[in-house]
Number of protein chains: 2
Amino acid sequence: MNRRNTPTKEAVLNLLSNSKKALSQDAIEKQLDIKINRATIYRVLNRFCEDDMVHRIVAEDGKQYFAICKKCEKPEDVQYHFHFRCLSCDTIECLQVPVNYAVPNGYQVQSANCVLTGTCSDCSQAVG
Amino acid sequence: MNRRNTPTKEAVLNLLSNSKKALSQDAIEKQLDIKINRATIYRVLNRFCEDDMVHRIVAEDGKQYFAICKKCEKPEDVQYHFHFRCLSCDTIECLQVPVNYAVPNGYQVQSANCVLTGTCSDCSQAVG
DNA sequence: CATTTATTGCGAATAAGTTGCAATAATACA
DNA sequence: TGTATTATTGCAACTTATTCGCAATAAATG
């Protein structure tokens, strides 16, 4: 199952690389210049996740969001970080805030999905 | 919009009260003795959440799970806590582990949804 | 250039959750 | 205790996110 390079793959990866926010399939489809099928976008994203190039966030709305962030490049340092969902501008971003936890004996953690929801700094300021 | 007491409401509340795990609508429907419509269960659960009797967790599977836990009784102390999703026994439970975070300036947090996924203590031991 | 097979598009399927509407039943009050 | 008010319920239909089967397309390899 060797991976192949396709325009689709490149386009999605570019978009994610240049985005400061985590993107949903929906958002990706809208922002792409080229028309790519919904199912294809999901498949490309799922492959990225399998290959650990991208991480997946599930927000309180139950939707999946995808992000590449600088911290992902040094996973030893900050394996899991908080995400922030802004209800005002409806975006999700990676925070430079590590997730610290100490689970009770016997629990084995394989992954963490931590999302804080509220108003981001941009939108908080916009009020004043 | 005063709340009324109904058998449905009581049954769901009882189930949640006696459950050590967070339950999905699906699980609730199955565990109930009486047959209650899917939509009704959701409406009852949503009302519980509005009234702060129950809290809602969204897991990595994108599904909603509902729980009453002791910590919820003293929300000042431990407002947010981690949840644990066990892939082995397919359950979600509240951990007595508080969520600590320090968001950057300007961010306003309204809620937190933090789920750790892996193998719970029961299932970890089951291997040996 | 030909072969292999990963990738794509399409349509349909699945699953979670919500909504409109009419019927039912819990509460308040005469 | 009977009646009016309206919260709650069941049903069916709808929405939205995500996946899947399948045939067609197009990377990679040699």
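Heavy atoms only: backbone and side chains are in, while hydrogens, waters and symmetry mates are out. Since we're looking at a predicted model, the values are computed, not measured. Order of the sequence lines fixes the chain letters, A, B, ..., with proteins taken first and strands second; residue numbering starts at 1 for each chain.
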Checklist entry - When we call it a touch if two heavy atoms are under 4.0 Å apart, what does A/Arg3 touch: a base, just sugar-phosphate, or nothing? => result sugar-phosphate

Checklist outcome for this item: Residue pair A/Tyr42/B/Asn37 against DNA chain D: nearer the 5' end by closest nucleotide is B/Asn37

Item to check | Rounded distance in Å - CD (B/Gln25) to C1' (C/dA15) | outcome: 11 Å

Next on the checklist: Between the opening five pairs and the closing five pairs of the helix from C/dC1-D/dG30 to C/dA30-D/dT1, how far apart are the helix axes, to 10°?
Outcome noted: 40°

Item to check | Position toward the 5' end of DNA chain D (nearest nucleotide), B/Asn5 or A/Phe66 | outcome: B/Asn5

Item to check | N-O pairing of B/Arg56 and B/Glu50 below 4.0 Å | outcome: no

Could you pull out every donor-acceptor pair under 3.5 Å between side chains of residues 102-111 of chain B and any protein atom, sequence neighbours left out?
unit_1: B/Tyr107; atom_1: OH; unit_2: A/Glu93; atom_2: OE1; d: 3.3
unit_1: B/Tyr107; atom_1: OH; unit_2: A/Glu93; atom_2: OE2; d: 3.0
unit_1: B/Ser111; atom_1: OG; unit_2: A/Glu60; atom_2: OE1; d: 3.4
unit_1: B/Ser111; atom_1: OG; unit_2: A/Glu60; atom_2: OE2; d: 3.2

Checklist entry - Expressed in angstrom and rounded to an integer, what is the separation of B/Lys63 atom NZ from D/dA17 atom P? => result 18 Å

Checklist outcome for this item: Among C/dT19, D/dT5, D/dA28, the one nearest any side-chain atom of A/Arg4 is D/dA28

Item to check | d(CG, B/Leu23; C1', C/dG17) in whole Å | outcome: 17 Å

Next on the checklist: Whole angstroms only, please: what is the CG-P distance between A/Leu45 and D/dA17?
Outcome noted: 14 Å

Item to check | Rounded distance (Å) that lies between atom P of D/dT9 and atom CG of B/Asn46 | outcome: 12 Å

Checklist outcome for this item: Heavy-atom nearest pair, B/Ser24 first then B/Tyr65, reads N-CD2, 3.8 Å

Checklist outcome for this item: Looking only at heavy atoms, the pair that brings B/Gln31 and B/Leu23 closest together is NE2-CD2, 3.8 Å

Item to check | Touch class at under 4.0 angstrom, heavy-atom based, for B/Thr6 against every strand present | outcome: sugar-phosphate

Item to check | Pair A/Lys30 + A/Asp26, salt bridge at N-O below 4.0 Å | outcome: yes

Checklist entry - At under 4.0 Å between heavy atoms, what does A/Asp61 touch on the DNA or RNA strands: base, sugar-phosphate, or nothing? => result nothing

Item to check | Gap separating the CD1 atom of B/Ile92 from the NZ atom of B/Lys21, nearest 0.5 angstrom | outcome: 10.0 Å

Checklist entry - Looking only at atom types and distance, does a side-chain atom of B/Asn113 sit under 3.5 Å from a main-chain N or O of B/Val58, one as donor and one as acceptor? => result yes

Checklist entry - Hey, does A/Thr8 reach any base, or is it just sugar-phosphate, or nothing, if we go heavy atoms under 4.0 Å? => result sugar-phosphate

Item to check | Atom pair distance, as rounded to whole Å: CD1 in A/Ile34 and P in D/dA26 | outcome: 13 Å

Checklist entry - Within the modelled atom types, does a donor on one side and an acceptor on the other bring the side chain of B/Arg43 and the base of C/dG17 under 3.5 Å apart? => result no

Item to check | Rounded distance in Å - CD (A/Glu60) to P (D/dA17) | outcome: 17 Å

Checklist entry - So what does B/Asp26 touch, heavy atoms closer than 4.0 Å: a base, only the sugar-phosphate, or nothing? => result nothing

Item to check | Plane angle bin for A/Tyr80 and A/Tyr101 - parallel if under 30°, tilted between 30 and 60°, otherwise perpendicular | outcome: tilted

Checklist entry - Between atom CD in A/Glu29 and atom P in C/dC10, what is the gap in whole Å? => result 11 Å

Next on the checklist: Once hydrogens and angles are ignored, does a donor-acceptor distance under 3.5 Å link the base of C/dG17 to the side chain of B/Arg38?
Outcome noted: yes

Checklist entry - Is B/Asn2 touching bases, backbone alone, or none of the nucleic acid, heavy atoms closer than 4.0 Å? => result sugar-phosphate

